[in-house]
Every structure is written in structure tokens, then in C-alpha cells.
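Heads up, the thing below is written out as C-alpha cells.
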Amino acid sequence: MRRSDRAMDAAFAFEVFDKAPYITVSFTRPDGSPYGVPLSLVRTDEHTP
């Protein structure tokens, strides 16, 4: 992670999973061009941190 002061914990990730119907993960290719991958998230258990 580039800025450790902006890191989120597992509880934040589970909150996002529970509230967002989908997310888009964004990347940068080696040539500098951006692209995104839409994801639909599913949890199979009730495990929370």
C-alpha cells in the first residue's frame, strides 16, 4: 500500500461487502493506461472480524 495511514481493516471490508451491490477494482497497466474490473461480491458465512 502506498500510504499506510489510509489502510482499512477487515471490519471495513466486511462492511463494504454487506452494503455494496457491486464494486469496481481499478488498476493501471504497465503502459500507464487505466482499467477497471466490476465485481459482484458474495459472502458464504457470517464470519466477522
Discussion item. Restricting to side chain to side chain contact (heavy atoms under 4.5 Å, CB included), what partner residues turn up for Ala13, sequence neighbours left out?
Written reply: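 Partners of Ala13 by the side chain to side chain contact (heavy atoms under 4.5 Å, CB included) criterion come out as none, since no residue qualifies.
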Worksheet item: Ser40: what forms a side chain to side chain contact (heavy atoms under 4.5 Å, CB included) with it, not counting sequence neighbours?
Response: none
Worksheet item: Does Phe27 have any ring pair (Phe, Tyr, Trp, His ring centres under 6.0 Å) partners at least two apart in sequence or in another chain, and if so, which?
Response: Tyr35
Fill in: NZ/NE/NH1/NH2 to OD/OE distance under 4.0 Å, Arg3 and Asp5
yes
Worksheet item: Do Leu39 and Val25 pass the side chain to side chain contact (heavy atoms under 4.5 Å, CB included) test, and can you show the C-alpha distance, the side-chain angles, and the key distance before you say yes or no?
Response: CA-CA 7 Å; Leu39 300 172; Val25 179; 3.5 Å; yes
Worksheet item: Run the side chain to side chain contact (heavy atoms under 4.5 Å, CB included) check on Ile23 and Val16 step by step: do they pass?
Response: CA-CA 9 Å; Ile23 64 169; Val16 171; 4.2 Å; yes
Practice prompt. Under the salt bridge (charged side-chain N to carboxylate O under 4.0 Å, His left out) rule, collect the residues that match up with Asp9, sequence neighbours excluded.
Written response: none
